[in-house]
Amino acid sequence: MERLVESFDDLNSAFDDQLNRARAHTQSDSDAVSIDLDTGKDNKKIDFAKLAETFYNEQRQRIIEIQNPHISSLPNDFLYHIGYASTDDLVSLFSDVKYVFTGGSSGRMQKFANSLKEAAGVKLPTGAQLADLSTTDRYSLFKVGPVLSVSHGMGMPSISILLHEITKLLAYAGATGVSMVRMGTSGGVGVEPGSVVVTTTAVNGSLEPFQRCTILGEEVKRTSEFNDDLGDLIASCWDEDTPIVRGKTMSTDDFYEGQGRLDGAICDYVGKNKMDFLMKAHKGGVRNIEMESLQFASFTHRLGIPAAMVAVALLNRLEGDQVPASAETLSEYSARPQRLLASFLKKSIPYHSK
Ligand SMILES: O=P(O)(O)O[C@H]1O[C@H](CO)[C@@H](O)[C@H]1O
Ligand SMILES: O=c1cc[nH]c(=O)[nH]1
């Protein structure tokens, strides 16, 4: 019996030791603000106007090129999950779109669309609301001027379907100069809860900078990089005191075992294995974990669509697994990427008419 207690003590002190080492890796408010971990660039020193001029000059005329030779022979392409077809009048509905903002939940994307509507001073008749333009209940789709605010559900299969269909919709509509941004929530790795993370590169659950897809029984690897300039432009718009960090995002197919949690219904590893892995990820530049950025980055990179990913860290995974914050705190945290992107939009929209 005594031996057992001793071994528990040993285990506990080994775990405490890990936790202390982990805490030493957590960035404090002051040193987490604004540095890009990959390049050492200070986001606060980015000249928005100069970079925006170059970025939008390059992007303005860019059309969306679908990389599928079979599509042109379809008499009508049914975008089944969002409820449109290529023979609908997509040009009059969507040709002016410049931004697709996407996030997991329908409520978040409606809230974001409403905040843009209010910022733009658009008044709807009393009692009227922005319409959900998706005609199915798989995804929600709101449009405020040149901005689409679309939900993608949870996980890579879900965002993948949305991306295929929304991209074809915008290609059929003849939209030009479109950028895409995912706004989300995540588990931070060595960053304070509430920090905003702007992703440099998405890495898979093995910390590799590409997505492994199985297509026709074969494994295909796709690069999962985001557009650096777009990430810089966005990160430079944060003017609040809470931390913003640029670093890698690990993207997994599962919230529990896939992210090394100890609180799922199945777990075949111990705390030390989890901490060793998270510390290895942190050392490799990973600052948060979520479940869609790998698919989002590899899809947009393949089609040459500039894309970025912004997610708030709801917790620091070096400190625990459960998402402990109150509903109020969670809602305040998840409003941070929305405020950042609203401020980015306000500064960017003028460049589309230059
Ligand atoms: O960023 P949001 O859309 O909140 O999604 C994140 O939260 C979900 C898990 O809770 C996953 O889909 C993950 O990527
Ligand atoms: O830990 C977290 C928090 C939000 N979303 C995730 O995927 N993981």
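As the structure lists them, so they are numbered: ligands from 1, and atoms in each ligand from 1.
Met180 is not listed as a side-chain neighbour of Thr102, based on a closest heavy-atom distance of 4.5 Å or more. Inter-residue side-chain proximity for Phe299 and Arg222 is flagged as unmet; no heavy-atom pair is nearer than 4.5 Å.
Checked against Asp232 for a salt bridge (Lys or Arg N to Asp or Glu O under 4.0 Å), the options Arg246, Lys45, Lys50 give a single hit: Arg246.
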Which protein N or O atoms sit under 3.5 Å from any N or O of ligand 2? Give each pair with its distance.
unit_1   : atom_1 : unit_2 : atom_2 : d
ligand 2 : 1 (O)  : Gly187 : N      : 3.4
ligand 2 : 1 (O)  : Arg261 : NH1    : 3.3
ligand 2 : 1 (O)  : Arg261 : NH2    : 2.7
ligand 2 : 7 (O)  : Gln259 : NE2    : 2.9
ligand 2 : 8 (N)  : Gln259 : OE1    : 2.8

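Listed by number with element, the atoms of ligand 1 under 4.0 Å from a non-hydrogen atom of Arg182 are 1 (O), 2 (P), 3 (O), 5 (O), 14 (O). Residue-ligand proximity, Glu290 to ligand 1, at heavy-atom distances under 4.0 Å covers atoms 14 (O). Residue Arg108 approaches ligand 1 through these ligand atoms, each under 4.0 Å from one of its heavy atoms: 1 (O), 2 (P), 3 (O), 4 (O). Near Gly184, the atoms of ligand 1 lying under 4.0 angstrom from a non-hydrogen atom of the residue are 1 (O).
Applying the ring-ring contact (aromatic ring centres under 6.0 Å, His included) test to pairs two or more places apart or on separate chains, those with a residue in residues 192-236 are Phe226-Phe296.
At the top of the distance list for atom 7 (O) of ligand 1, counting protein heavy atoms only, stands Thr185 OG1, 3.5 Å. Protein heavy atom nearest atom 10 (O) of ligand 1, with residue, atom name and distance: Phe255 CE1, 3.7 Å. When only non-hydrogen protein atoms are considered, atom 8 (C) of ligand 1 lies nearest to Met154 SD, 3.7 Å. Among all non-hydrogen protein atoms, the one lying nearest atom 12 (O) of ligand 1 is Glu292 OE2, 2.6 Å. Among protein heavy atoms, the minimum distance from atom 3 (O) of ligand 1 is reached at Gly104 N, 2.8 Å.
Figure legend: Arg261 and Phe255 shown as a cation-pi pair, the cationic atom lying under 6.0 angstrom from the six-membered ring centre and within 45 degrees of its axis.
Considering both main-chain and side-chain atoms, Gly153 never comes within under 3.5 Å of ligand 1 through any nitrogen or oxygen pair.
Taking every heavy atom of both residues into account, Leu294 and Val203 meet most closely at CD1-C, 3.7 Å. Considering all non-hydrogen atoms of both residues, Arg336 and Val196 come closest at CB-CG2, 3.8 Å.
Looking only at distances, a side-chain donor or acceptor of Ser224 sits under 3.5 Å from a matching main-chain atom of Ala202.
Of the candidates Gln259, Met291, Met156, the one placing a heavy atom closest to atom 11 (C) of ligand 1 is Met291.
Other residues, nucleotides and ligands place no more than 12 heavy atoms under 6.0 Å from the CD atom of Glu65.
Aromatic rings from Tyr84 and Phe94 are positioned such that their centres are separated by under 6.0 Å.
Here the straight-line distance linking atom CG of Leu51 with atom OG of Ser236 works out to 7.5 Å at 0.5 Å rounding.
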